[in-house]
There are 4 protein chains.
Amino acid sequence: MDLPNWRERLYIIIFFTNTPAGKLFDTWLLVVVTASLVVVMLDSVAAINLHYGTLLRALEWGFTTIFAIEYLLRIYSHPEPRKYVWSFYGVIDLLSILPAFLALIFADAQYLLVIRIIRLLRVFRVLKLTPYLSQANFLLVALRGSRQKIIVFLLSVSTLIVIYGTLMYVIEGPPHGFSSIPKSIYWAVVTLTTVGFGDIVPSTPLGQALATVVMITGYSIIAVPTGIFTAELANAMRADTLVHECPSCRKPSHEPGSAFCGRCGSQLFQQKVDTPAEQ
Amino acid sequence: MDLPNWRERLYIIIFFTNTPAGKLFDTWLLVVVTASLVVVMLDSVAAINLHYGTLLRALEWGFTTIFAIEYLLRIYSHPEPRKYVWSFYGVIDLLSILPAFLALIFADAQYLLVIRIIRLLRVFRVLKLTPYLSQANFLLVALRGSRQKIIVFLLSVSTLIVIYGTLMYVIEGPPHGFSSIPKSIYWAVVTLTTVGFGDIVPSTPLGQALATVVMITGYSIIAVPTGIFTAELANAMRADTLVHECPSCRKPSHEPGSAFCGRCGSQLFQQKVDTPAEQ
Amino acid sequence: MDLPNWRERLYIIIFFTNTPAGKLFDTWLLVVVTASLVVVMLDSVAAINLHYGTLLRALEWGFTTIFAIEYLLRIYSHPEPRKYVWSFYGVIDLLSILPAFLALIFADAQYLLVIRIIRLLRVFRVLKLTPYLSQANFLLVALRGSRQKIIVFLLSVSTLIVIYGTLMYVIEGPPHGFSSIPKSIYWAVVTLTTVGFGDIVPSTPLGQALATVVMITGYSIIAVPTGIFTAELANAMRADTLVHECPSCRKPSHEPGSAFCGRCGSQLFQQKVDTPAEQ
Amino acid sequence: MDLPNWRERLYIIIFFTNTPAGKLFDTWLLVVVTASLVVVMLDSVAAINLHYGTLLRALEWGFTTIFAIEYLLRIYSHPEPRKYVWSFYGVIDLLSILPAFLALIFADAQYLLVIRIIRLLRVFRVLKLTPYLSQANFLLVALRGSRQKIIVFLLSVSTLIVIYGTLMYVIEGPPHGFSSIPKSIYWAVVTLTTVGFGDIVPSTPLGQALATVVMITGYSIIAVPTGIFTAELANAMRADTLVHECPSCRKPSHEPGSAFCGRCGSQLFQQKVDTPAEQ
C-alpha cells in the first residue's frame, strides 16, 4: 500500500480513534465542545453577561469558526462527502454551527448552539466505552420492539387528556384559571403526568372530584409503558444467551457458553470433536 | 351475485376500507373530524373567539350537520341498524352530535363535542395499522387478566386515602386550609399520587410528619399496579414462546424448555435420535 | 341436631353470609356503614354544618348506637367472645364506636369514626367476590416475600433523606425557608418522592444544583421497590402453576393441569392408570 | 492460646458482636449515635435553640468527645490500623467527628455531623439481621449488573435536559422567570422528574406546548430505569432456581428447565430411568 496522501491522512485522523493522532484529535474535540457549551450557558446568566459579555461573544465566534473549519475538513477528507453530510453526525455537526449565523438575525437563536451537546456522544469512542454501547444496544432493541405498543399507549393517553381537559374547562371555566380548552389540556397533562405545578388548580368541588379521577388515572397508568418496556427488555436480555438453534430439537437459545442443548443434550456445534461426555 | 344496489354500496363505502371509495371516505372523515376538533378548541380561546366567533360557530354547525347526515346514512345503509346504534361506535357517533343540540339549552355543553376525538380511532383502519392493533391486543389481554388485582388495589388505596385525609383534617384543620374532610381527602389524593399541586399544604410539624408518611406510601405503592401489569404482560408475551403443536394431543403451546407434552407425555420433537449423553 | 337457640341463630346471621337472613344482615350493615361515613364527612363541611349540624349530630349518635348494639350482639352470640374481641375485625368494630365517646372530651375526635371504612371490607363477602380475594392473596404473598428487601430499601432511603435534608439546610438556611433540619428533611421527602409541593424551594444556585441531585435520585430509585415487587409477583404467579415435585427429576413446578413432567416426561401422579402416551 | 491481653480484648468487644460485652457495646453505640443525631436536629430548630442552646451544645461536645475516644480506641485495638482507617467504616467514623472541629471555623458545618447516621448501619449486626443483608445482596447484584445501562440512560437524560432547558430559555426568556440557561435546565429537571415545584412555570402557549413534551417524556421514561433494574433483579433471582451441581463437571447452576448440563452435556439427574415417552 502506497503512502496515504494528506486527504486520506486527515480522514483517518478525523473520523477514527485507533491512531494516536486520531485519539488526540477526538480528545481535543471533546474538550473544545464542552468549553463552548459552558461559554454558551454562562453567557445567558445576566450577572455574568454584564461583566464578561464581550469576552464570551469573542469566544463563541472563535468556537464557531473552529467547528466550521472542522466541518469543511470533514467534507473534504471523507471519500463520500454526500454520505457524511446526510448522516446523523453530519446533520448534528451542521446544526452545531448554523445557529451562530441565525443569531445575526434572531438574537436568541445563538443559544441553540447547545445542540453541540449531541456531539459529545463521541465520548464513547474516545474512552473505549464499547461495553457501554453494547449495553445501550439492549435498550434500543427493547425500545424498537415495544414501539407499536407504546404508540397505541400514547394515542390513548392523548385522547384521555383532551377529554379530561375539556371536561375541566366546562366544569371550572375561565373564572377559575381554565381560560381555554388548550390551557385546560395543558392542565390535564400537568396533572396526569403527576408533575402538578400548581399554576392552575380546580376550585369547585366537582372540579376537584374530576381532578381526583385524573390523578388516579395518571398514577395507575405509569404501569403501562413501564410494563411494556420491562417485558421487552427482559426478553431481549434473555435472548442474549447463545442464539443458536439446536440441530436436534431446535431450541432457539441457550445459556451463554453452552456446548450442549439444555433440552435434549445434543451438541450445538458440529465441528466440535469428541468430548468425554459423548463417549 | 347481482349488482349491489345503492344501499349496499353505501354500506360498503361507509363501513369498510378495502375499496378505494371506502378508503377515500374514511380519510376525509378523519380530516373533517380533526378539523371540527380544532374549531371547538379554538372557539374556547377568548382572544380568538372575539374576532372569529361567528365564523367558528358557523363552521361548528356545518360540521354537526355533516356528522348528522353521516349518522343517518349509517343507519340507513346498515343491514341491522339496531346493532349499529347500540354498538360502541354507534353510541360515540351519536354523542358526537348531541352536545351541539344540548348547547341550545346549556351554553357550555358544545365543548363536549370533543367526544368526537374517539371517532379518530378509525385512523387505525385507514392507515392499515393492523400490527398496532394486534400489539394493542397484548395490552388489553394483560389489562383484563389483572383486572381483579387492580380492583383490590384501588379499593385499598381508596381506604388509605379516606383515612389519611381525615387524620390530616383532625391534625391541621380549617385554619390551615384543610377546611373539610372531602377537601382533606382531595389533598390526600394530590399527595399520594405525587402530583403535589401545593394549593393546600400542612403547616404544623405533626401534619408535615403525617404528610411524610403519605408521600412515602404513595411513592412506594406505585410499584403495585406496575408489578401487576408487568407480570401479566410478561406472561402474555411469554406464553407466545414455545408454540409447538404436540404431535399426539395437539396441545398448541407449552412451558418454555419443555421436551415433553405436559398433557399427554409424548415427546414434542420426533427427530430426536439417541444423543450420546443418554446412552 | 336440635333446633338452634337464639344465640346460635344470631351467630349464624351476624357472622355468616350463606343464609338469606345472614346476607340481608350484611347488606344492611354495609348500607348503614356507608351512610354513617357520608354523614361524618358532610358534618365537616362548614356550609353544611351550619344548616344541618343538629340533624347530622343526631344521625351520628343514632349510627353509633346501632353499631354499639351490634357489637354487643356479636360478643353475646359468638361461641368464643374473647377470640372475636381480639381479632382484627373485633378491634376495628370497637374502634368504630370509641371515637364517638372520645369526642365528648376532644371535639375533633369524632372524625376518627371514618375508621368504619375498614368495616366495608365485608363487601367482598356479600357480593361473593371470593375470586377477588384469591387474587388479593397473590399481592399479599408478593408483599410478604419482598418484605426484607423493602425494609433494606426504606432504611437506605431514610438515610439519604436525612443527609440531603441536612446538606440543604447548611446550603440554603433559614433565610430561604429551610428554617430547621426537620423542616429541610420534610423538603427532602417532598422532593425525593417527586411530590414537589413548592411550599419550600431552593433559591441559591448551589441549592438548586443539590435539588437536581435529589430529584434525579428520587426519579431513578422508584425503580427499586417496583423491581422488587414485580419480580416477587411474577414468581408468585409462576409458582401458581402445579406445585408438585416430579418423582423422577424433582422439577418443583409445572404448567397447570400437567400430568407429565415437562423436563423428563415422567408421570407426575403415580395413581394414574395407563394413558395412550405410555404404551 | 494464652490469655488475651487488653488490646485483643478491646478488639473483640469493639469490632465484633458475638460476645455479650461486644453486643452491649454495639447496642450502647447505637443509642448514643441516635441521641447525638436527635440533638443535632433539635439544635437547628430556632425555637428550641433559643431555650436550650447551651445544653445542646454541651451535649454535642460530649458526644463528639465520646466518638473521638472510641475512634482512637479502634485504631489502637485493631491489628492493622491502616486497614481500618481507610475502610468504609473507618472513613465514616472519622467524618463523624471532623465537622465538630470544622464548626469552630464555619459555624454551620456542625450540622454535617448527621453523617453519623451512616454509623447506624451497624444496627444490622446487633439485631442479627443477616437475612436482611443477604436479601440486600440481591439488590446490590442487580444494581451492579445494570450499571452500564443506567449510565447510558443517565447520559441520555442529561442531554435531553440541557436541550429542553435551552429551548425553553429561548422560548420564554428572562421576563417569564427563565432568567438563564442554568436556571432553565433546573426547571427542565424539576419538570422531567415530575416533581413540579411550580416556582418557575411557562406562560406562553408555545412554552406550555414544549412543557407538555417535557412532561410526557419524563412520565414515559420512568419506564427505563425501572425496566433495567427489574429485568436484572428477576434474572438474579431466577439464576437461583436450578441450583444443581452437574455430576460430571460440577457446574453449579443451570438454566431453569435444563435436563442436561450446558457445559459438558451430561445428564443432570442420574435417577432418570427410561420413561415411556422415550421408547
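As the structure is a prediction and not an experimental result, all values here were calculated from the model. Values reported hereafter were calculated over all heavy atoms of this structure, with side chains retained and with hydrogens, waters and symmetry mates removed. A note on names: the letters A, B, ... follow the listed sequences, proteins ahead of strands, and every chain is numbered from 1.
Between the side chain of B/T191 and the backbone N or O of B/A188 there is no donor-acceptor pair closer than 3.5 Å. A/N49 places a side-chain N or O within 3.5 Å of a backbone atom of A/D43 that can act as its donor or acceptor partner.
Heavy-atom pairs under 4.5 Å with chain B were tallied for A/G218, A/G198, A/S156; the largest tally goes to A/G198. Comparing B/T193, B/D199, B/T226 by heavy-atom pairs within less than 4.5 Å of chain A, the highest count is held by B/T193.
Residue contact with chain B, scored on non-hydrogen atoms closer than 4.5 Å, is absent for A/L192. With a 4.5 Å cut-off on non-hydrogen atoms, B/V190 touches chain A through its backbone and its side chain both. In this structure, chain A has heavy atoms under 4.5 Å from both the backbone and the side chain of B/I221. Neither the backbone nor the side chain of B/I48 comes within contact range of chain A, judged by heavy atoms closer than 4.5 Å. For A/V195, the part sitting under 4.5 Å from any heavy atom of chain B is the backbone (N, CA, C, O) and nothing else. At a 4.5 Å heavy-atom cutoff, the contact between A/T212 and chain B is made by backbone and side-chain atoms alike. Neither the backbone nor the side chain of A/A209 comes within contact range of chain B, judged by heavy atoms closer than 4.5 Å.
Counting heavy atoms from C-beta outward, A/P182 and B/V45 have side chains that approach closer than 4.5 Å. B/Y164 has its side chain out of reach of B/Y169: every pair of non-hydrogen atoms, C-beta onward, lies at least 4.5 Å apart.
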Please walk me through it: do A/I216 and B/L154 pass side-chain contact (heavy atoms from CB on, under 4.5 Å)? CA-CA 9 Å; A/I216 295 192; B/L154 287 178; 4.2 Å; yes
**Request:** List the steps, then state whether side-chain contact (heavy atoms from CB on, under 4.5 Å) holds for A/V201 with A/Q208.
**Result:** CA-CA 8 Å; A/V201 282; A/Q208 288 174 343; over 6 Å; no
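Using bins of under 30°, 30° to 60° and over 60° for the plane-to-plane angle, the ring pair B/F178/B/W187 lands in the perpendicular bin.
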